[in-house]
Amino acid sequence: MTVELGNIFASAVKNSLFRDKSILQINHTPNSIPHRDKQIEQVANILASILRNERPSNLFLYGKTGTGKTLSVQYVRDELLKKAMQMGVEVRIEYINCKLRKIADTEYRILAAIIKKLGGEVPATGLPTDQVYSKFIELIDNKKQLVVLILDEVDQAVNKISDGFIYNLTRLNSELSKAQISLIGISNDVTFLDNVDPRVRSSLGEEEIVFPPYNALQLQDILQERCKKAFKDGVVDEGVVAKCAAYAAREHGDARRALDLMRIAGELSEREQSKKVELKFIDMANEKIERDKILDIVETEPKQFQLVLYSIFQLTKKSKIENFNRIFTGDVYNFYQALCNKTKTEILTQRRVSDIIAEIDMLGLINAKVISKGRHGRTREIKLSIPSNLHEKVESIMIEGLGL
DNA sequence: AGGTATTCACATGAAACTATTCTCTGAGTTAGG
DNA sequence: TAACTCAGAGAATAGTTTCATGTGAATACCTGT
């Protein structure tokens, strides 16, 4: 039996609620950035010295996710490059996201990524790091120019690698004869500069700018503006935008989250053949985002993580039946060992499993709290924090993934 | 009763090891002149 | 003799093990009343 797809497609086109969905996508760069005037101005002020051919101060930006840091810097960068072009000033401003796994999450790879952006070539491995440094120097020092490196999510890089590499970068200026480098560090972690080598702190933090979270009203503005362009007229009510903003404001004012929510709510409304984006779709979108995130994590984590998670899963189940409500690291490890024997997998040390538990905690799948049981030692008390309507689905994914 | 010292069961840290992937180098091999 | 092949040395990285040290508070152990 053939399904009549023609109708589905036809109505999909006709009933589209979107004018331009890409406006709500996270990589979209809007041409105005509301409620960030002050920060943009500050960044611009500091970088403006480029136009006088002076090296700008190193700059450090921090604020939670989705507070417009990256967007603001990109914006200033674009404007500045235009201006510099007009004035014939030699500048390179390169943006590197230090969190991208396999691309720029180690000292070597960050350097390699920069070099690549500057037009050089570096093999993925096999070269000593200092050789990569000299290649970098060679590449930029051939003429008088200013090089600004924007390092997004530096905190990630630094606690993965050590702060030595930022120090190296700042120190590089003394080895350059013609060119000069400035750094712009961007971090989500407000406390990042506190636990970092003082030399790095003073050089990277020559100037600091804080991006506070958006409040619900500001988020509403942002959403309002984008919705006007992204959706067709009359599709989104005032109340819907307000609710969406309120949801995101609860999550530490994350604009990215708000936009995602809006976009997915739109998609869901379309799928349901609704003429408008209704309030209930915001709720559904919220659930869907959460759900997709969890399922994605569970599917993509490596086998050992799944084994540990599966152990926690089973123990949680057992604890409900037998009524002993608390689960500790030791319990998990025992179950895990048994599970490894059963699946003929090699058993990791408790040390490692302890770290894995901590990592699963970071991912938000469980809630692990270090507690002391007094004479009975110190452990993590572990609680599953996957909503119960997903349990079945998650369990089947793991069973399949582990071949149980 | 009130105070302190112990002790448990891991947490947390640092270093070292392993396997894999990749480059570079130089010895040995090959083919053409 | 130039070009080519291939093994071995050296690097980077991810994931782990080994060794070492840290730790919060329930309990055991005193002490003096």
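Proteins get letters first, then strands, A, B, ... in listed order; numbering begins at 1 in each. Every heavy atom of this structure was used, including side-chain atoms; hydrogens, water molecules and symmetry mates were not.
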message = Name the residue from A:Leu363, A:Ile356, A:Leu365 that meets the side-chain contact (heavy atoms from CB on, under 4.5 Å) definition with A:Glu301.
response = A:Leu363
key: Donor-acceptor under 3.5 Å (A:Ser354 side chain, A:Gln350 main chain)   = no
Side chain to side chain donor-acceptor pair (under 3.5 Å) pairs, two or more places apart, involving residues 213-224 of chain A = A:His35-A:Asp221
inquiry  = Looking at A:Ser385, is its backbone amide N or carbonyl O close enough to the side chain of A:Asn367 to form a donor-acceptor pair, meaning the two atoms are under 3.5 Å apart?
reply    = no
Under 3.5 Å: donor-acceptor pair, side chain of A:Asp141, backbone of A:Ala179 = yes
inquiry  = Without decimals, in angstroms, what is the distance between A:Ile357 CD1 and B:dA11 P?
reply    = 7 Å
request  = Figure out the CG/P separation between A:Leu111 and C:dT13, and round it to whole Å.
outcome  = 10 Å
key: Six-ring centre of A:Phe335, A:Lys318 cation under 6.0 angstrom, axis tolerance 45°   = no
Scan nucleotides 15-19 of chain C against the protein and return all N/O pairs shorter than 3.5 Å with their distances rounded to 0.1 Å.
| from | atom 1 | to | atom 2 | distance (Å) |
| --- | --- | --- | --- | --- |
| C:dT16 | OP2 | A:Arg352 | NE | 3.1 |
| C:dT16 | OP2 | A:Arg352 | NH2 | 3.0 |
| C:dT17 | OP1 | A:Thr349 | N | 3.4 |
| C:dT17 | OP2 | A:Thr349 | N | 3.1 |
| C:dT17 | OP2 | A:Thr349 | OG1 | 2.4 |

inquiry  = Go through it in stages, so that I can follow the logic: the residues are A:Lys293 and A:Glu290, the test is salt bridge (charged side-chain N to carboxylate O under 4.0 Å, His left out), and I'd like the CA-CA distance, side-chain angles, deciding distance and then a yes or no.
reply    = CA-CA 5 Å; A:Lys293 198 180 80 190; A:Glu290 197 59 25; 3.7 Å; yes
inquiry  = Any carboxylate oxygen within less than 4.0 angstrom of a Lys/Arg side-chain nitrogen, looking at A:Lys135 and A:Glu138?
reply    = no
query = Is A:Arg263 reaching over with its side chain to a backbone N or O of A:Lys21, donor-acceptor style, under 3.5 angstrom?
reply = no
ask   = Tell me, which of residues 133-141 of chain A have any heavy atom that sits under 4.0 Å from an atom in DNA chain B?
value = none
Distances for protein N/O vs nucleotides 4-6 of chain C N/O pairs under 3.5 angstrom?
none

inquiry  = Measure CG/A:Asp130 against P/C:dA11 and give the value in whole Å, please.
reply    = 9 Å
message = Consider side-chain hydrogen bond (donor to acceptor under 3.5 Å, both in side chains). Of A:Asp283, A:Asp237, A:Asn286, which one does A:Lys243 pass it with?
response = A:Asp283
ask   = C:dG24 P sits how many Å from A:Glu381 CD, rounded?
value = 17 Å
query = For the side chain of A:Arg36 and the backbone of A:Thr67, is there at least one donor-acceptor N/O pair under 3.5 Å apart?
reply = yes
At a cut-off of 3.5 Å, list every protein nitrogen or oxygen paired with a nitrogen or oxygen from nucleotides 18-24 of chain B, distance to 0.1 Å.
none

query = How is A:Asp105 classified with respect to the nucleic acid when contacts are heavy atoms under 4.0 Å: base, sugar-phosphate, or nothing?
reply = sugar-phosphate
message = Can you measure A:Arg378 atom CZ to B:dA11 atom P for me and round it to whole angstrom units?
response = 8 Å
request  = Would you confirm whether A:Ser187, through its side chain, and A:Asp155, through its main-chain N or O, come within 3.5 Å as a donor-acceptor pair?
outcome  = no
query = Any side-chain donor-acceptor pair under 3.5 Å between A:Gln180 and A:Glu54?
reply = no
Polar contact flag, side-chain donor to acceptor under 3.5 angstrom, A:Thr29-A:Gln74 = no
request  = Indicate whether the side chain of A:Thr170 and that of A:Arg199 have a donor and an acceptor atom separated by less than 3.5 Å.
outcome  = no
What's touching nucleotides 4-7 of chain B from the protein side, N or O pairs under 3.5 Å?
| from | atom 1 | to | atom 2 | distance (Å) |
| --- | --- | --- | --- | --- |
| B:dT7 | O4' | A:Arg375 | NE | 2.8 |
| B:dT7 | O4' | A:Arg375 | NH2 | 2.8 |

Spacing between A:Phe328 atom CZ and B:dA11 atom C1', to the nearest angstrom = 15 Å
inquiry  = For a quick check under 3.5 Å, do A:Asn188 and A:Lys69 share a side-chain donor-acceptor pair by atom type?
reply    = yes
ask   = Hey, is the side chain of A:Thr329 poking within less than 4.0 Å of OP1 or OP2 on B:dA11, counting only N and O atoms?
value = yes
request  = Round to a whole Å and report the spacing from CZ of A:Arg109 to C1' of C:dT13.
outcome  = 6 Å
